[in-house]
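Comments concern the structure below.
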Amino acid sequence: MKLACWNVNSVRARLPRVLAWLEKEKPDVVCLQELKVEDAEFPSLEIEALGYRAVVHGQRTYNGVGILARGELRDVVRGLGDGVDDPQARLIAASVDGVRVVCVYVPNGGEVGSDKWDYKRAWLRRLRQWLDRNADPKQPLVLCGDFNVSPEARDVHDPAAWEDSVLYHPEARAALQEVTAFGLRDTLRLHHADAGLYSWWDYRMLAFPKNRGLRIDLVLATEPLAARCVAAGIHRDERKGKQPSDHAPVWAEFAPGT
DNA sequence: ATGGTTGCTTAGCAA
């Protein structure tokens with residue numbers, strides 16, 4: 001099973017690129033973030049025409065997540081469902097081919113010390129609680145999406161400069177580690193140890209041509225699924241060309257379960 | 001410390 005995960009920064013603005021990428025890469029499962037559309041406006045017809053089914057947890061203007069799959073999507077869950085009054089559409093989960101797929105768009109956090117920063121750290125705590133209540137680290141599960149946190153220094157082009165930012169602040173990394181401590185492996189790091197592998201580059205300041213990026217989009221897998229991960233990578237070329245998202249797709253391939 | 005860019009929505013916010 002080939003799984004890919006992409007923050008598209010508006011599915012309507014990105015539709016031609018998304019369709020071309022689906023035709024080229026033909027992933028079996030796709031997790032999308034920052035759809036920026038309500039469910040009714042999601043371009044289901046164009047995507048279904050390529051052989052995918054889609055489940056969406058949309059929102060007007062901001063956020064919005066979805067899962068595409070060639071196979072059947074079962075037991076769909078939208079939102080953290082933890083009783084917190086939270087209108088932001090940031091989580092959708094579904095089961096495909098025996099794998100529980102959880103797609104998340106973690107809050108960016110604005111500025112350190114802001115209300116958004118508090119919301120981000122709280123949301124990551126809520127995500128860990130959601131895993132504790134709704135998942136089992138001994139079962140095949142993938143948690144992927146835009147985490148808006150870089151795990152380590154090798155994931156950041158200039159770690160010292162980013163220490164105080166919401167994307168690499170020590171408290172953000174600690175909150176991410178609380179999530180992965182549930183029992184999740186970073187699939188890219190199962191296959192690649194090198195620095196300089198990024199998934200996001202700011203639109204500004206020629207960040208992409210200068211490769212001033214961060215790896216904030218992750219495909220995390222429980223142990224039984226990580227054991228089946230035969231390859232992982234980043235479709236860096238998708239950041240090139242006309243009207244790209246500011247994120248590149250990240251992907252992992254899993255051998256069939258026994 | 002500010003500014004740089006993109007998208008949605010329509011001047012300002014979010015990223």
Side-chain angles (χ1 to χ4, degrees), chain A residues 5-21 31-43 46-47 56-66 79 86-92 103-124 127 144-151 155-169 171-173 175-176 198-218 234-250:
Chain A
C5 170
W6 195 7
N7 178 325
V8 292
N9 185 19
S10 169
V11 72
R12 283 179 294 190
R14 216 64 59 210
L15 188 59
R17 290 195 66 129
V18 170
L19 296 176
W21 170 76
C31 293
L32 300 174
Q33 301 85 39
E34 277 212 88
L35 299 175
K36 298 188 176 180
V37 288
E38 292 180 320
D39 292 20
E41 312 305 321
F42 185 81
E46 292 91 335
I47 284 169
V56 172
H57 184 33
Q59 182 183 336
R60 174 187 147 98
T61 311
Y62 305 118
N63 311 315
V65 286
D86 185 350
Q88 301 191 30
R90 296 185 175 277
L91 180 147
I92 188 168
C103 170
V104 294
Y105 175 46
V106 174
N108 171 285
E111 300 283 329
V112 172
S114 67
D115 289 348
K116 288 178 188 165
W117 172 243
D118 292 339
Y119 173 66
K120 175 183 195 167
R121 290 175 299 149
W123 200 91
L124 284 163
L127 177 59
C144 66
D146 176 359
F147 286 80
N148 270 313
V149 182
S150 281
D155 301 312
V156 181
H157 73 91
D158 184 350
W162 285 85
E163 274 271 333
D164 298 327
S165 88
V166 293
L167 301 182
Y168 189 60
H169 192 282
E171 289 182 41
R173 278 180 279 153
L176 176 63
Y198 308 135
S199 67
W200 171 84
W201 301 259
D202 199 306
Y203 280 126
R204 300 165 289 187
M205 306 291 284
L206 300 173
F208 182 67
K210 295 176 176 174
N211 199 29
R212 294 183 178 171
L214 284 80
R215 191 172 69 94
I216 57 178
D217 301 272
L218 310 173
I234 301 172
H235 291 144
R236 191 178 186 282
D237 285 353
E238 288 302 322
R239 185 62 175 77
K240 300 176 180 173
K242 285 200 186 335
Q243 295 183 303
S245 170
D246 45 353
H247 296 253
V250 298

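Chain identifiers are assigned alphabetically (A, B, ...) following the order of the sequence lines, protein sequences preceding nucleic acid strands; residue numbering begins at 1 within each chain.
Shown here are the side chain to side chain donor-acceptor pair (under 3.5 Å) partners of A/Lys210, two or more places apart in sequence or in another chain: there are none. Qualifying salt bridge (Lys or Arg N to Asp or Glu O under 4.0 Å) partners for A/Lys240, counting only residues two or more places apart in sequence or in other chains: A/Asp237. Judged as a ring pair (Phe, Tyr, Trp, His ring centres under 6.0 Å), and not counting sequence neighbours, the contacts of A/Phe208 are A/Trp201. Every residue was checked against the side chain to side chain donor-acceptor pair (under 3.5 Å) condition with A/Glu38, not counting sequence neighbours, and none meets it. Applying the side chain to side chain donor-acceptor pair (under 3.5 Å) criterion to A/Glu171, with sequence neighbours excluded, gives A/Arg121. When the side chain to side chain donor-acceptor pair (under 3.5 Å) test is applied to A/Trp200, the partners found at least two apart in sequence or on another chain are A/Asp246.
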Sugar-phosphate or base contact per nucleotide [nucleotides 5-15 of chain B; S, B, -; heavy atom under 4.0 Å]: BSSSS----SB
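With both ends at atom P, the span from B/dT2 to B/dT6 equals 23 Å, rounded to whole Å. Taking atom C1' on both B/dA1 and B/dA11, the two are 24 Å apart, rounded to the nearest angstrom. B/dT9 and B/dA14 have their P atoms separated by 14 Å, given to the nearest Å.
Remark: nothing in residues 160-168 of chain A comes within less than 4.0 Å of DNA chain B through any heavy atom.
Within the structure, salt bridge (Lys or Arg N to Asp or Glu O under 4.0 Å) pairs that include any residue of residues 6-16 of chain A do not occur (at least two apart or interchain).
A salt bridge links A/Glu163 with A/Arg173: the distance from a Lys NZ or Arg NE/NH1/NH2 to an Asp or Glu carboxylate oxygen falls below 4.0 Å.
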